[in-house]
Amino acid sequence: PLSASDSPPATATEWIDLDQALVLCTRLCHDLAGPIGALTTGAELLEEDGALADGETLALLSDSAQAASARLKVLRMATGVAKGRQPALNDALAALEAVLGLAGRHLDCRLPPDSDPGAPTVRLLINVVLVAADAWPQSPCLTLDATPRGFHLQAQGAGPLPPAWIDA
């Protein structure tokens, strides 16, 4: 449910306010606009050239389709699956690595092998990694570690967030 009011809900149900919903939709649009736009451009080039497609056009289409697919996979895992298969940690880490790799970045995962904290925690980790990747766009590597209290995500480099937000 969405709440457009500034007051918190009366019960501790899973409410998000309208601004949070808009940010999520903006994220979805931003992540898919580039690859889908490139697919459109590639299709237009194919249309102009007729049946003959050069290697560059086909590479553009292939790369864009793969980028859109990788981003959709991560966003589907991050927002949860209503019914059916829930995201496993290994699948989520592989999907995050693919998305970060699109920008030449890397996720250094130092979690114990075959660990899986469960779908809600996996979704939280996906979202935290996505936020960290956005907050530190110049960081070539994000490092995810397990700690006795939970998880630790580290990004190196200056980010666009104010210093008070960095600790969050």
Side-chain angles (χ1 to χ4, degrees), residues 14-17 19-42 56 58-168:
E14 296 180 15
W15 286 77
I16 60 172
D17 69 18
D19 288 339
Q20 290 170 319
L22 291 173
V23 168
L24 180 62
C25 290
T26 300
R27 173 68 193 229
L28 176 66
C29 292
H30 177 268
D31 281 357
L32 297 178
I36 291 173
L39 282 170
T40 303
T41 301
E56 187 176 331
L58 292 176
L60 172 68
L61 287 170
S62 176
D63 290 348
S64 299
Q66 289 174 359
S69 177
R71 288 183 171 115
L72 272 174
K73 185 175 186 177
V74 166
L75 290 170
R76 191 177 307 120
M77 287 181 184
T79 56
V81 179
K83 293 182 180 177
R85 188 168 178 264
Q86 297 293 314
L89 183 61
N90 289 337
D91 294 338
L93 295 174
L96 285 167
E97 180 66 29
V99 167
L100 290 173
L102 295 171
R105 300 170 77 188
H106 173 66
L107 177 63
D108 181 15
C109 182
R110 299 177 183 175
L111 300 179
D114 298 325
S115 65
D116 200 342
T121 303
V122 170
R123 276 192 221 96
L124 179 63
L125 285 172
I126 292 168
N127 282 290
V128 168
V129 169
L130 291 174
V131 168
D134 284 348
W136 286 274
Q138 302 303 316
S139 178
C141 181
L142 302 173
T143 304
L144 180 62
D145 289 305
T147 69
R149 294 181 53 199
F151 299 94
H152 178 259
L153 182 65
Q154 181 178 352
Q156 307 238 339
L161 293 176
W165 282 66
I166 292 173
D167 290 336

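Start at 1 with the first residue, then count along the sequence.
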*Polar side-chain atom of E97 near backbone of L107 as donor-acceptor pair, under 3.5 Å*: yes
_When you compare the side chain of F151 with that of T121, does any pair of heavy atoms fall below 4.5 Å?_
yes
*Sequence neighbours left out, what pairs pass salt bridge (Lys or Arg N to Asp or Glu O under 4.0 Å) with at least one residue falling in residues 98-112?*
D108-R110
_For the student: nearest non-hydrogen atoms of L111 and A146, plus distance_ = CD2-N, 3.4 Å
*asked:* Determine whether a donor-acceptor pair (N or O, by modelled atom type, separation under 3.5 Å) exists between the side chain of N127 and the backbone of A78.
replied: yes
*If you take all heavy atoms of V74 and L130, which pair is closest and at what distance?*
CG1-CD1, 3.9 Å
*Looking at C109 and L93, what are the two nearest heavy atoms and their distance?*
SG-CD1, 3.2 Å
_Stepwise side-chain contact (heavy atoms from CB on, under 4.5 Å) check, L144 with L142_ = CA-CA 7 Å; L144 180 62; L142 302 173; over 6 Å; no
*Provide the closest heavy-atom pair for L153 versus V129 in the form atom of the first, atom of the second, distance.*
CD2-CA, 3.8 Å
*Search all heavy atoms of V99 against all heavy atoms of A70 and return the closest pair with its distance.*
CG2-O, 3.4 Å
*Determine the minimum heavy-atom distance between M77 and R123, stating which atoms define it.*
O-CG, 3.0 Å
